[in-house]
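The structure appears below as structure tokens.
Just so it is clear, the values below take in all heavy atoms, side chains as well, and ignore hydrogens, waters and symmetry mates. Along the sequence shown, residues carry numbers from 1.
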Amino acid sequence: MIEETALREGMQKLLTATEADIRARIDEEPALKRDLEDRHCAAAEAGRTALGAWLAFRDETVTQAAVHWLLACVFIRFLEDNGLIEEAWIAGPRIGDHDRLQEALDRRSLWYQRNQHGNDAAYLIEVFARTAELPGMAGLFDRTHNPLWSLVPSGPQAMNILRFFQDRNGQTGELRFDFTDQDWNTRFLGDLYQNLSQFARKRYALCQTPE
């Protein structure tokens, strides 16, 4: 069962940390900053943004990327928790003797054996890419339009994102967030998107149509 309030509040804190992490990467990595500046100039020339509004463009791009990184993880957890994909890449509830979270942890460990110089950002990028190959997923994870491909958090922050979705309840040992829904209702994703970031909500006038 999805506890939407607790999920939203936790993800809002995670979003703030992820935005700060990506902004720090932009400041620390000249090539990344130049690429974003080039994108800003192209957008300004095309009339999609004000020429002098570099910081506003940067912050908007960072927010969109960070929001979609988190929402992608939510969506994958939804697929995992409801048995819509066979493998567990991030986590999943215990089914009988089968611990889906441990399966995901073991799969990540095997990934690190093959990618000894990798990090959790690269691991999640591979998870997103594999999800995009599933039937019906190509449009959702489209590299041209989904902002998650545009900016990537650091390895340590990607680890924090993974830990958030793998967190267990200290008393029960079960996953803190369970996305199981027998009706496979994904409306909560729209609610989460419109409420996750006040900036994005105001900028894009996000508001779901009431049921």
Side-chain angles (χ1 to χ4, degrees), residues 7-46 48-50 53-79 89-90 118-133 137-166 177 186 188-207:
L7 175 65
R8 182 181 68 251
E9 291 175 351
M11 286 186 62
Q12 285 172 337
K13 295 178 182 178
L14 187 61
L15 174 63
T16 298
T18 304
E19 289 174 318
D21 176 84
I22 295 176
R23 281 196 296 270
R25 280 201 63 217
I26 293 171
D27 291 338
E28 295 167 2
E29 300 180 26
L32 185 60
K33 186 175 183 179
R34 283 196 301 271
D35 178 69
L36 194 58
E37 288 174 336
D38 289 344
R39 288 164 57 189
H40 172 243
C41 288
E45 291 174 359
R48 296 193 303 269
T49 188
W54 152 248
L55 289 180
F57 176 85
R58 181 204 65 180
D59 290 346
E60 178 180 340
T61 306
V62 166
T63 294
Q64 282 293 303
V67 165
H68 281 77
W69 263 77
L70 302 191
L71 290 178
C73 290
V74 171
F75 187 71
I76 292 169
R77 273 294 312 275
F78 183 86
L79 297 177
W89 297 323
I90 296 178
N119 58 36
D120 282 316
Y123 173 74
L124 281 174
I125 284 288
E126 184 167 317
V127 170
F128 298 154
R130 293 187 65 181
T131 304
E133 295 173 354
M137 295 293 106
L140 187 62
F141 287 87
D142 178 58
R143 289 179 179 270
T144 302
H145 299 101
N146 192 318
L148 73 84
W149 304 105
S150 65
L151 290 170
V152 177
S154 67
Q157 184 56 26
M159 180 187 294
N160 291 334
I161 294 172
L162 269 176
R163 286 177 174 172
F164 177 85
F165 290 102
Q166 295 172 340
F177 299 111
T186 57
F188 82 97
L189 284 168
D191 292 334
L192 186 60
Y193 183 29
Q194 75 174 19
N195 293 316
L196 188 56
S197 168
Q198 290 186 359
F199 169 81
R201 181 173 183 172
K202 293 178 180 178
R203 174 68 175 81
Y204 298 103
L206 299 176
C207 188

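Here CG of D120 is found 9.5 Å from CD1 of I161. Values are rounded to the nearest 0.5 Å. Note that CG of N160 is 8.0 Å distant from OG1 of T18, once rounded to the nearest 0.5 Å. Atom CD of E60 and atom CG of L55 lie 13.0 Å apart (nearest 0.5 Å). With values rounded to the nearest 0.5 angstrom, R23 atom CZ is found 12.5 Å from E28 atom CD. Residue Q157 holds its CD atom at 11.0 Å from CG of L124, rounded to the nearest 0.5 Å. Rounded to the nearest 0.5 angstrom, R8 CZ and K13 NZ are separated by 12.5 Å.
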- Item | side chain to side chain contact (heavy atoms under 4.5 Å, CB included) between T131 and W89, worked out | CA-CA 10 Å; T131 304; W89 297 323; 3.2 Å; yes
- Message: Run the side chain to side chain contact (heavy atoms under 4.5 Å, CB included) test on Y123 and L162 for me, step by step, so that the C-alpha distance in whole Å, both residues' side-chain angles and the decisive distance to 0.1 Å come before the verdict.
- Response: CA-CA 10 Å; Y123 173 74; L162 269 176; 4.1 Å; yes
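Looking only at side-chain heavy atoms (C-beta outward), C73 and F128 come within less than 4.5 Å of each other. Using a 4.5 Å heavy-atom threshold, the side chains of Q64 and N146 count as separate. With a 4.5 Å cut-off on side-chain heavy atoms, F78 and L189 do not count as touching. Counting only heavy atoms from C-beta outward, the side chains of F57 and E37 never approach each other to under 4.5 Å. In this structure the side chain of E126 reaches within 4.5 angstrom of the side chain of R130, judged on heavy atoms. Residues W69 and V152 are in side-chain contact: their nearest non-hydrogen atoms beyond the backbone lie under 4.5 Å apart. Side-chain contact between L151 and I26 is present, with at least one heavy-atom pair separated by less than 4.5 Å. Side chains of T144 and W149 form no contact here, defined as non-hydrogen atoms less than 4.5 Å apart.
A donor-acceptor pair under 3.5 Å is absent between the side-chain atoms of R77 and the main chain of A72, judged by distance alone. When atom types are taken as modelled, the side chain of Q12 and the backbone of N195 share a donor-acceptor pair closer than 3.5 angstrom. Using modelled atom types, one side-chain atom of D142 and one backbone atom of H145 make a donor-acceptor pair closer than 3.5 Å. Side chain of D21 to backbone of A17: no donor-acceptor contact under 3.5 angstrom is found.
Nearest heavy atom pair, residue A66 against residue E19, reads CB-CG, 3.9 Å. A pairwise comparison of heavy atoms in S150 and R39 identifies CB-NH2, 3.5 Å as the closest pair. Listed here is the closest heavy atom pair of R58 and L36: CG-CD2, 3.7 Å. Heavy-atom minimum distance, F165 versus L70: CZ-O, 3.8 Å. Taking all atoms of both residues into account, the shortest heavy-atom contact from I90 to Q166 is O-NE2, 2.9 Å. In terms of heavy-atom proximity, F141 sits nearest to A132 at CB-CB, 3.6 Å.
Using a 30° and 60° split on the angle between ring planes, H68 and Y193 fall in the perpendicular class, above 60°.
R163 CZ: 12 or fewer foreign heavy atoms inside a 6.0 Å radius.
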